[in-house]
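Contents: one structure, followed by commentary.
Computed from heavy atoms alone, side chains included, the values below leave out hydrogens, waters and symmetry copies. Quick caveat: nothing in here was measured; it's all calculated off a predicted structure. Start at 1 and go down the list; that is how both ligands and their atoms are numbered.
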Amino acid sequence: MVKPKIAPSMLSSDFANLASEAERMIRCGADWLHMDIMDGHFVPNLTIGAPVIESLRKHTEAYLDCHLMVTNPLDYVEPLGKAGASGFTFHVEVSKDNWRELVQKIKSKGMKPGVSVRPGTPIEEVYPLLDDENPVEMVLVMTVEPGFGGQKFMPEMMDKVHALRKKYPSLDIEVDGGLGPSTIDLAAAAGANCIVAGSSVFGAPDPAHVISLMRKSVENAQTN
Ligand code: DX5
Ligand code: ZN
């Protein structure tokens with residue numbers, strides 16, 4: 001059975017107090033910290049890069065789950081590896097020609113390789129990366145159009161999660177965008193086990209409660 005991983009998206013945190021926000025999330029029961037790296041080109045928003053990951057790494061031992069919303073993910077492997085990133089998830093839409101090289105480099109830097117799909121991308125596009133002899137180790141199914149926090153969950157993306165879970169029973173399947181108490185059951189029932197949540201966690205009066213509620217939903221779906 002795949003372990004539930006609850007990953008608050010630090011995009012919704014107070015970036016000016018990133019270290020204490022990270023510590024607060026770990027205290028609230030987070031398994032991973034989701035770090036949204038955007039280049040202002042793949043998506044119309046610009047966030048953080050390796051220097052910020054490096055700074056944060058000095059303050060926490062937590063698993064830093066980096067989501068690369070960038071046009072040239074290969075350029076980020078070396079700097080992020082050095083900075084102390086834990087997971088490196090690139091988008092399949094920009095890696096058609098070099099995903100093998102990407103996966104190999106990510107692993108050689110000691111990071112866990114993942115691949116992500118935008119809402120408009122068919123899930124079949126990640127199958128070759130999973131069936132390869134040097135496969136990716138996580139698939140991130142976007143449940144909003146990447147770029148911003150606080151958007152509405154797209155339930156129609158659950159077909160992708162379901163198809164993946166059926167084909168790959170022990171794969172880490174992550175969902176990202178619009179997850180919270182009102183949408184978690186759908187994602188959990190479809191088979192997602194890694195849950196990214198920004199606004200629903202940071203906007204809650206009791207983030208620990210929201211994290212624990214999402215974990216229970218994933219656990220319940222697995223035992224049913
Ligand atoms: C969106 C990012 C998400 C975002 C999720 O492009 O990839 O990680 O922070 O935020 P919420 O949970 O608020 O939709
Ligand atoms: Zn993300």
Please list, in number order, the atoms of ligand 1 under 4.0 Å from a heavy atom of Met69.
6 (O), 7 (O)
Could you list the atoms of ligand 1 found under 4.0 angstrom from a heavy atom of Met142?
7 (O)
List the closest protein heavy-atom neighbour of atom 10 (O) of ligand 1: residue, atom name, distance to the nearest 0.1 Å.
Gly149 CA, 3.5 Å
Suppose you place the vertex at the Zn ion (ligand 2); what is the angle out to Asp36 OD1 and His34 NE2, to 10°?
90°
Among protein heavy atoms, which lies nearest atom 1 (C) of ligand 1, and at what distance?
Phe148 O, 3.5 Å
Please state which option from Pro8, Gly198, Ser200 has its nearest heavy atom closest to atom 12 (O) of ligand 1.
Gly198
Under 3.5 Å side-chain donor-acceptor pair for Asp185 and Ser217:
yes
Taking distance alone, with N or O pairs closer than 3.5 Å, would you say Gly178 contacts ligand 1?
yes
Less than 4.0 angstrom from a charged side-chain N to a carboxylate O is my criterion; do Lys105 and Glu78 meet it?
no
Give a yes or no on this: more than 12 heavy atoms of other residues, nucleotides or ligands lie within 6.0 Å of atom CD of Glu124.
yes
Does Lys216 come within less than 4.0 Å of Glu219, counting only side-chain N to carboxylate O?
no
Atom 13 (O) of ligand 1: which protein heavy atom is closest, and how many Å away?
Ser199 OG, 2.5 Å
Counting N and O atoms only, with roles assigned by atom type, does the side chain of Lys107 sit under 3.5 Å from a partner on the main chain of Pro135, one being a donor and the other an acceptor?
yes
Looking from the Zn ion (ligand 2), what is the angle between ND1 on His67 and OD2 on Asp176, to the nearest 10°?
90°
Given Asp172, which partner from the list Lys5, Arg165, Lys112, Lys3 fulfils the salt bridge (Lys or Arg N to Asp or Glu O under 4.0 Å) test?
Lys112
Between Gly147 and ligand 1, is there a nitrogen or oxygen pair with a distance under 3.5 Å?
yes
Under 4.0 Å from one or more heavy atoms of Pro146, ligand 1 contributes atoms 6 (O)
Residue Ala197 vicinity, atoms of ligand 1 by number, heavy atom under 4.0 Å:
12 (O)
Note: Met138 and Glu174 closest approach over all heavy atoms is CE-OE1, 3.2 Å
Could you check whether the rings of Phe42 and His91 sit parallel, tilted or perpendicular, using 30° and 60° as the cut-offs?
tilted
Side chain or backbone, does Gly150 bring an N or O within less than 3.5 Å of an N or O on ligand 1?
yes
Pair Glu54, Arg57 - check salt bridge (Lys or Arg N to Asp or Glu O under 4.0 Å), show working.
CA-CA 5 Å; Glu54 190 182 346; Arg57 178 49 84 212; over 6 Å; no
Of the options Val161, Val175, Val196, which is the one that meets Thr143 in a side-chain contact (heavy atoms from CB on, under 4.5 Å)?
Val175
Numbering the atoms of ligand 1 from 1, which are under 4.0 Å from a heavy atom of His34?
8 (O)
Is it the side chain, the backbone, both or neither of Ser9 that has a heavy atom closer than 4.0 Å to ligand 1?
side chain
Ligand 1 to His67 polar contact by distance, N or O atoms, under 3.5 Å:
yes
Heavy-atom proximity to atom 7 (O) of ligand 1, best of Ile195, Asp176, Thr47:
Asp176
For atom NZ of Lys82, is the number of surrounding heavy atoms from other residues, nucleotides or ligands below 6.0 Å larger than 12?
no
Which residue and atom name correspond to the protein heavy atom nearest atom 2 (C) of ligand 1, and how close is it?
Asp36 OD1, 3.4 Å
Provide the closest heavy-atom pair for Cys66 versus Ile53 in the form atom of the first, atom of the second, distance.
SG-CD1, 4.0 Å
Element-labelled atoms of ligand 1 that are located less than 4.0 Å from some non-hydrogen atom of Gly177
14 (O)
Output the list of atoms in ligand 1 that are nearer than 4.0 Å to some heavy atom of Val196, sorted by atom number.
8 (O)
